[in-house]
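Note sheet for the following structure.
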Amino acid sequence: MKTVHEFGDVRSLAVGRVGLVLTMGFLHEGHLSLIEAARENVDTVVVSIFVNPLQFNEPSDFVSYPRDRERDAALAEAAGADVLFVPDDSTMYPSEPVTRIEVGGVADGMEGAKRPGHFAGVATVVGKLFAGTQPDLAYFGRKDAQQLAVVRTMVRDLSFPVDIVGRPIVRESEGLALSSRNVRLDPSSRTHALALSGALFQVADAFEAGERSVVDLTASIEERLRGENRVVFEYAEIANAPDAAVTNHIGTEVFLAAAIRVGNVRLIDNVYLDPVSGVADRGIRLSAPSILYEGV
Ligand code: AMP
């Protein structure tokens with residue numbers, strides 16, 4: 001694996017079909033599952049690591065975002081990356097950027113409503129990374145279901161020549177969705193955070209048992225999360241999977257997304273619900289403790 005810092009170096013190392021995995025680093029098994037999926041499908045696997053200031057709406061979250069480049073390099077290489085692209089701030093933003101990619105509609109609800117400017121920051125950096133690295137495929141996690149819909153919409157509307165691949169959520173053995181921010185949860189907060197996946201799984205069970213009322217499904221998750229100790233409920237919504245439009249009817253594949261805060265850590269999670277098969281996608285669970293907490 002080669003570590004490079006300039007867009008041109010990524011392009012000159014690319015051979016055959018290129019797969020890009022975009023991350024903000026502090027890698028965990030969720031990121032590694034994307035790298036492994038790319039490894040199976042492309043000739044050159046590029047992993048980018050950039051903590052993108054444009055997408056943080058809380059400065060303290062940006063400052064405290066976990067960072068460990070040596071650890072990331074070892075993990076990315078072991079998972080099959082060929083090129084690790086770690087641009088400096090000056091490569092990504094040589095001067096104060098005045099251009100933003102604003103994706104209408106799909107970016108407005110849920111995370112977009114709670115985090116003003118977040119998706120414009122995401123779409124802008126994803127657009128830059130696509131333009132600069134020119135991948136054939138790019139891999140994203142369903143953990144960020146609305147982000148996946150925003151990226152798919154941007155790619156369609158701006159004709160980026162890249163195929164977007166969405167991959168399942170990877171969870172800790174008890175159910176908590178892996179997130180780099182989880183390292184900021186102390187053990188007791190991590191136990192409280194389990195309420196989020198627990199509530200989503202309960203709704204997934206109800207869906208699989210035949211419940212189709214959006215009002216009842218979202219009300220039951222809200223009620224459960226509002227009743228949890230040390231959990232601050234933010235939202236629970238059902239949205240159509242392709243365009244993240246909040247809906248009152250489960251006619252096509254949807255995701256039920258929810259957000260909570262535990263202490264100063266904000267957590268999002270979701271389950272996808274497919275009315276055709278009647279099956280809920282709860283993602284994949286690790287059987288062993290996550291690498292996230294090794295040495296922490
Ligand atoms: P991040 O580093 O948090 O910006 O995430 C980089 C990519 O990894 C995004 O496509 C995320 O959706 C994906 N990702 C993050 N956490 C998980 C997870 N637990 N399971 C699957 N994919 C994930």
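Hydrogens, waters and symmetry mates play no part in the numbers below; they use all other heavy atoms, side chains included. Predicted, not measured: the structure shown is a model, and the values here were computed from it. One-based numbering, in listed order, for ligands and for the atoms of each.
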With a cut-off of 4.0 Å, which atoms of ligand 1 are near a heavy atom of T23? 2 (O), 6 (C)
Checking contacts here: is it the side chain or the backbone of R171 that comes within 4.0 Å of ligand 1, counting heavy atoms only? Could be both or neither. neither
For ligand 1, which is the ligand I care about here, please tell me if G25 has any N or O atom under 3.5 Å from one of the ligand's N or O atoms. no
Same hydrophobic cluster for Y235 and V246, using side-chain heavy-atom links shorter than 4.5 Å among ILVMFWY? yes
What are the atoms of ligand 1, with element, lying closer than 4.0 Å to any heavy atom of L22? 6 (C), 7 (C)
Residue, atom and distance of the protein heavy atom nearest atom 10 (O) of ligand 1 read G141 N, 3.0 Å
Look at the rings of F56 and F62 and say which category their plane angle falls in: under 30° parallel, 30 to 60° tilted, over 60° perpendicular. perpendicular
For ligand 1, does L34 get within less than 4.0 Å through its side chain, its backbone, both, or neither, judged by non-hydrogen atoms? side chain
Among all protein non-hydrogen atoms, which one is nearest to atom 20 (N) of ligand 1, and what is the separation to 0.1 Å? V170 N, 2.9 Å
Ignoring angles and geometry beyond distance, decide whether M24 reaches within less than 3.5 Å of ligand 1 through its nitrogen or oxygen atoms. yes
A cation-pi test, strictly: NZ or CZ of R71 under 6.0 Å from the centre of the six-membered ring of F26 and no more than 45 degrees from its axis. Yes or no? yes
By salt bridge (Lys or Arg N to Asp or Glu O under 4.0 Å) - contacts of E253 (at least two apart): R142
Can L286 and L178 be said to form a side-chain contact (heavy atoms from CB on, under 4.5 Å), step by step? CA-CA 10 Å; L286 298 177; L178 285 165; 3.9 Å; yes
Hey, can you tell me if F140 and F130 have their rings parallel, tilted or perpendicular (30° and 60° cut-offs)? perpendicular
Relative to ligand 1, is P168 under 4.0 angstrom through side chain, backbone, both or neither, heavy atoms considered? backbone
Does at least one non-hydrogen atom of R167 fall below 4.0 angstrom from an atom of ligand 1? no
Test the R212-F207 pair against the cation-pi criterion, namely NZ or CZ under 6.0 angstrom from the six-membered ring centroid and within 45° of the ring axis. yes
Looking at every heavy atom in both M1 and V83, which two are closest together, and how far apart are they? CG-N, 4.1 Å
Between V47, L178, L32, which one has a non-hydrogen atom sitting closest to atom 19 (N) of ligand 1? L178
According to a hydrophobic-cluster definition based on side-chain heavy atoms being under 4.5 Å apart (Ile, Leu, Val, Met, Phe, Trp, Tyr only), do V106 and L256 belong together? no
Give yes if a backbone or side-chain nitrogen or oxygen of K143 is under 3.5 Å from a nitrogen or oxygen of ligand 1, and no if not. no
heavy-atom search around atom 5 (O) of ligand 1 in the protein gives H31 NE2, 3.5 Å
Element-labelled atoms of ligand 1 that are located less than 4.0 Å from some non-hydrogen atom of D144: 11 (C), 12 (O)
Quick one, V46 and V18 - any side-chain contact, counting heavy atoms below 4.5 Å? yes
Heavy-atom contacts with I169 under 4.0 Å: which atoms of ligand 1 show up? List them by number with element. 20 (N), 21 (C)
What atoms in ligand 1 come closer than 4.0 Å to a heavy atom of F140? 10 (O)
If hydrophobic clusters are built from ILVMFWY residues whose side chains come within less than 4.5 Å, do M24 and V125 share one? no
Ligand 1 versus H28, non-hydrogen atoms closer than 4.0 Å: side chain, backbone, both, neither? side chain
